[in-house]
Amino acid sequence: MTGLCLAAAPAQADGPGTGTPYVVTLGDSYISGEAGRWAGSSNESETPADALGAHAYHDNASGTAEAIPKCHRSSSAEAFIGGGVGGLNLACSGSRTTTSAGDDFKPGLDFYDNGAGKVGQAKALQQFATTHNVRQVAVSIGGNDFNFAGIVTQCVQNFLLSPSWSPDYCRDDSSVVANFTTANVTTVRGKIATALQNVRTAMRNAGYGDAAWTLVVQTYPSPIPNGSGFRYGQTGFTRQSVGGCGFWNADADWANATALPTINNTVRAAITESGLANIRLLELQSAFNGRRLCEKTVGMYEEVGLTSWTQPTAVDKTEWVNQIRTVTTVGSNYFIQESLHPNYWAQLALRSCLRQTYTANRGGTCTIAGTGLANGEPRMTLG
């Protein structure tokens, strides 16, 4: 009787529908992990709030540098939901819908490729998804197309350069108003819609059917309270020199009632315009309410009687949004680009909500659900 030799079937390579499931994040600083090093703030020392240390943004293979300088992809970023699900963070601080290939390379949600390793985020997603099982893609984009950083800079300058008895508001400055004209809103909406369509194209090119994965699109959270909610008055310079939140009350009210809703409504309208059927909307506008920069309900470490981010109540008593830094208050380890961004606590809070969209396969409204930490993260709910 002749013996039979049965060869083992070759292992199937990871790819669409096969292998470890992955979440991939795309977009700008509000999902890349910008400011993710800092768990609150202190004007006396960096140490109490330094949760991740000097390697916070080092995302290359050896963990010693950034894969793309100034993208600030922190290890606390929301991509890494855990639970057997892999995470890849392709977002980059400062990115717009399309790639900027200047001195500071900022990949957009497009298929840019310089032939020397610099590619747009859609192209990078396509390359990764071809050999990995991407089940969800999360996107935060559009804020920089509205010139978010420039608006904040103008508002703080107006606060610092005009007296309280004759405030110069940024809400009516021509450089600010120009970002919110009907024409510009229409233009940005189209850019966001195209960016979302590029994500779909990337996944199709990688071999995915539209029903094989989901796209989660985030709105932007409110980083500062209304004027009445600041714990520092607007007389003098304390609001900026101590709190790092130099907005006039009227400008803060405008930011929450007009600017932020306009940006978020544009994101929502772009979702409709994109025509994608597999999109889930993650609403973040109120996600940090009660923990925002300079809000009365929280404080700096020295103001709330705490000395370290590791203390049990730190997550509830300290701010979830980084101070606005100027060239005179940057310090040795702070970056100006970290200003007004979700910090370590906020990044983990957003991660919790993104995880909930993944496990429940739905969108929803992300809000604070209670005090303390659950498995090392703030308690959040997806309503």
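Owing to the predicted nature of the structure, the values given are computational and were not obtained by experimental measurement.
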Those residues that, when tested against [X], pass side chain to side chain contact (heavy atoms under 4.5 Å, CB included) (two or more places apart):
| X | value |
| --- | --- |
| Tyr358 | Pro21, Val23, Ile81, Val85, Arg135, Gln136 |
| Pro378 | Val315, Trp320, Leu348, Ala349, Leu373, Met380 |
| Ala270 | Arg189, Ile192, Ala193 |
| Asn158 | Gln154, Asp168, Cys170, Asp173 |

Quiz item: Under 3.5 Å, is there a donor-acceptor pair between the side chain of Asn361 and the main chain of Thr357?
Solution: no
Practice problem: Spell out, as yes or no, whether a donor-acceptor pair under 3.5 Å connects the side chain of Arg292 to the backbone of Val321. | Solution: no
Quiz prompt | Whether His132 and Phe128 hold their rings parallel, tilted or perpendicular, with breakpoints at 30° and 60° | solution = parallel
Quiz item: Got a sec, which pairs hit side chain to side chain donor-acceptor pair (under 3.5 Å) with one end in residues 371-383, sequence neighbours left out?
Solution: Arg355-Glu377
Where at least one partner belongs to [range], residue pairs that pass disulfide bond (SG atoms under 2.5 Å apart), sequence neighbours excluded:
| range | result |
| --- | --- |
| residues 29-148 | Cys71-Cys92 |
| residues 231-325 | Cys245-Cys294 |
| residues 343-383 | Cys353-Cys366 |

Exercise. Just jot down the ring pair (Phe, Tyr, Trp, His ring centres under 6.0 Å) partners of Tyr232, sequence neighbours excluded, or say none.
Key: none
Quiz item: What pairs with Gln234 under side-chain hydrogen bond (donor to acceptor under 3.5 Å, both in side chains), at least two apart in sequence or on another chain?
Solution: none
Quiz prompt | By side-chain hydrogen bond (donor to acceptor under 3.5 Å, both in side chains) - contacts of Ser339 (at least two apart) | solution = none
Quiz prompt | Result of checking Tyr344, Trp309, Tyr334 against Trp38 for ring-ring contact (aromatic ring centres under 6.0 Å, His included) | solution = Tyr334
Practice problem: With rounding to the nearest 0.5 Å, note down the distance linking CG in Asp28 to OG in Ser95. | Solution: 7.5 Å
Quiz item: Lys123 and side chain to side chain donor-acceptor pair (under 3.5 Å): which partner among Thr99, Asp113, Asn198?
Solution: Asp113
Quiz item: Of Asn60, Asp59, Thr25, which meets side chain to side chain donor-acceptor pair (under 3.5 Å) against Arg73?
Solution: Asp59
Quiz item: So, Ser42 and Glu302: side-chain donor and acceptor under 3.5 Å apart, yes or no?
Solution: yes
Quiz item: Which residues satisfy the salt bridge (charged side-chain N to carboxylate O under 4.0 Å, His left out) test with Asp172, sequence neighbours excluded?
Solution: none
